[in-house]
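Every chain is numbered from 1 and lettered A, B, ... according to where its sequence line falls, protein lines coming before strand lines.
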Protein chains: 2
Amino acid sequence: MNDRMRIGDLTERAGVTPRTVRYYESIGLIPPGEREGHGQHYYTEETLARLRKIDQLKKLGLSLDEIRDVIDLYFIDPSGIQPKQKVLAILRQHLAEADQKIGALQQFRADLQANIERFERWFEETEHR
Amino acid sequence: MNDRMRIGDLTERAGVTPRTVRYYESIGLIPPGEREGHGQHYYTEETLARLRKIDQLKKLGLSLDEIRDVIDLYFIDPSGIQPKQKVLAILRQHLAEADQKIGALQQFRADLQANIERFERWFEETEHR
DNA sequence: TATCAATATGACGTTAACGTAACATTTAGG
DNA sequence: CCTAAATGTTACGTTAACGTCATATTGATA
């Protein structure tokens with residue numbers, strides 16, 4: 001497994017900037033790239049995958065703090081986790097919040113649809129008056 | 001229609017602070033409360049309704065800028081609107097974005113569900129080993 | 001080995017959406 | 001009429017999630 005890449009390749013493939021990678025490292029969202037002494041950092045495919053997953057979760061409206069709660073669940077094997085019940089609780093809470101958001105969004109979608117139809121009907125009337 | 005209320009009543013009923021109301025006024029999200037000369041501002045039920053709708057939309061992840069694009073559609077009669085096609089375009093775009101978000105959220109929800117079940121199964125195994 | 005692009009490392013800047021403190025005015029109530 | 005509570009007005013502070021220099025090293029290549 002020779003997937004050593006430098007930050008340039010990593011950021012290009014992930015669609016982020018080096019600043020973002022270093023920021024994520026600083027807040028513990030991604031593991032710090034390995035290095036020898038004080039040289040450059042080298043990253044792996046897994047870090048790339050994490051960056052992409054983080055991007056997905058961000059688009060759902062999750063903050064980086066919230067993402068940190070769940071991101072590991074995608075990448076580490078269960079046998080390494082200690083506070084098992086706590087993890088499950090977090091997961092279930094996120095599930096409930098997701099359901100909330102989905103419901104709210106569907107309501108919003110319905111409102112939009114209604115407004116669109118309202119405007120379209122109003123067009124019909126004024127165009128053919 | 002004697003629905004004159006001062007900022008205290010308004011904010012209490014809307015669940016926001018005076019600061020928020022004044023901020024929204026300053027960026028044109030809600031109309032400035034009427035007043036006589038340099039006295040206090042008086043608000044109406046419609047402003048209250050707007051505040052509540054803004055809150056709803058915020059929970060969907062819309063920024064105040066995006067909300068400003070659509071908020072009027074809930075409160076003004078269609079006959080007052082000029083750039084009709086433009087409004088429809090905005091609405092349709094928001095509809096598409098809502099569909100996107102809903103899809104992403106459902107995927108996320110499924111992921112969560114899968115992870116939860118994975119953990120639960122793992123519990124079964126380790127508890128009854 | 002010399003060099004130049006790619007990285008590393010601070011540190012200050014930025015935007016959104018308000019919070020909060022300070023001080024001046026207004027208004028309802030006794 | 002007078003006072004205390006509510007409101008108005010500045011203006012500086014705050015958090016998240018990075019952007020943007022400036023400067024110092026590092027490392028691939030001619």
Side-chain angles (χ1 to χ4, degrees), chain A residues 2-44 47-48 50-71 94 97 101, chain B residues 2-44 47-48 50-71 94 97 101:
Chain A
N2 183 18
D3 54 337
R4 287 164 49 97
M5 54 182 144
R6 301 193 306 174
I7 200 167
D9 291 347
L10 177 69
T11 57
E12 185 182 1
R13 295 178 64 191
V16 301
T17 71
R19 180 66 172 93
T20 299
V21 168
R22 301 203 179 99
Y23 177 63
Y24 287 177
E25 284 179 330
S26 78
I27 65 174
L29 249 188
I30 60 177
E34 291 183 31
R35 65 163 147 185
E36 38 235 63
H38 268 276
Q40 302 175 180
H41 295 228
Y42 289 90
Y43 303 88
T44 74
T47 305
L48 174 60
R50 283 181 80 101
L51 285 175
R52 286 175 171 158
K53 178 58 76 175
I54 290 169
D55 195 56
Q56 280 181 37
L57 298 180
K58 280 189 59 182
K59 287 180 180 165
L60 302 180
L62 300 199
S63 71
L64 297 187
D65 266 20
E66 292 170 321
I67 292 175
R68 192 171 32 205
D69 285 346
V70 298
I71 186 68
H94 276 278
E97 287 169 5
K101 284 190 184 178
Chain B
N2 184 18
D3 55 337
R4 285 164 50 95
M5 53 182 148
R6 301 194 303 174
I7 201 168
D9 292 348
L10 177 69
T11 58
E12 185 181 1
R13 297 177 64 191
V16 301
T17 71
R19 179 67 173 91
T20 300
V21 168
R22 300 201 181 101
Y23 177 62
Y24 286 178
E25 284 179 330
S26 77
I27 64 173
L29 248 188
I30 61 177
E34 291 183 28
R35 67 164 147 184
E36 39 236 61
H38 268 277
Q40 301 176 179
H41 295 225
Y42 289 91
Y43 303 88
T44 75
T47 305
L48 174 59
R50 285 179 78 101
L51 285 176
R52 287 175 170 157
K53 178 59 76 176
I54 289 169
D55 195 55
Q56 280 180 36
L57 299 180
K58 279 189 58 181
K59 287 178 180 164
L60 302 180
L62 300 199
S63 71
L64 297 187
D65 267 19
E66 292 171 321
I67 292 175
R68 194 171 32 208
D69 285 346
V70 298
I71 186 69
H94 277 275
E97 287 169 4
K101 285 189 184 180

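- Note: CD (B:Glu25) to C1' (D:dT7) measures 12 Å, nearest angstrom.
- Between the CD1 atom of A:Ile7 and the P atom of D:dT26 there is a distance of 16 Å, rounded to whole Å.
- DNA chain C is contacted by both B:Arg6 and A:Arg19; A:Arg19 maps to the nucleotide lying nearer its 5′ end (nearest heavy atom per residue).
- Remark: the backbone N or O of B:Arg13 is paired with a side-chain donor or acceptor of B:Arg52 at under 3.5 angstrom.
- Atom pair B:Arg22:CZ and D:dT7:P shows a separation of 8 Å (rounding to whole Å applied).
- Listed by chain and number, the residues in a side chain to side chain donor-acceptor pair (under 3.5 Å) with B:Arg19 amount to none (sequence neighbours excluded).
- Not one side-chain nitrogen or oxygen of A:Arg35 sits closer than 4.0 Å to the OP1 or OP2 atom of D:dT25.
- When each of A:Gln40 and A:Tyr23 is assigned the nucleotide of DNA chain D with its nearest heavy atom, A:Tyr23 is the one assigned upstream, toward the 5' end.
- When distances are taken from the side chain of B:Thr20 to each of D:dG8, C:dC18, C:dT9, the shortest belongs to C:dC18.
- Residue B:Ile27 is out of contact with every strand shown, counting any heavy-atom pair closer than 4.0 Å.
- C:dA17 atom C1' lies 14 Å from atom CG of B:Leu51, rounded to whole Å.
- Taking atom CG of residue B:Leu29 and atom P of nucleotide C:dA16, one finds them 13 Å apart after rounding to whole Å.
- For D:dG19, the OP1/OP2 oxygens have a side-chain nitrogen or oxygen of A:Thr17 closer than 4.0 Å.
- For B:His41, counting side-chain heavy atoms from C-beta on, the closest listed nucleotide (D:dT9, C:dT9, D:dA17) is D:dT9.
- Between A:Tyr24 and A:Tyr42, the residue anchored nearer the 5' end of DNA chain D, judged by the nucleotide with its closest heavy atom, is A:Tyr24.
- For B:Lys58, the side-chain atoms get nearest to C:dA17 when compared with the rest of C:dA17, C:dA8, D:dT9.
- Between A:Lys58 and A:Asp55, none of the side-chain N atoms (NZ, or NE/NH1/NH2) sits under 4.0 Å from a carboxylate O, so this pair counts as no salt bridge.
- The heavy-atom pair separating B:Arg6 from B:Tyr43 by the smallest distance is C-CD1, 4.2 Å.
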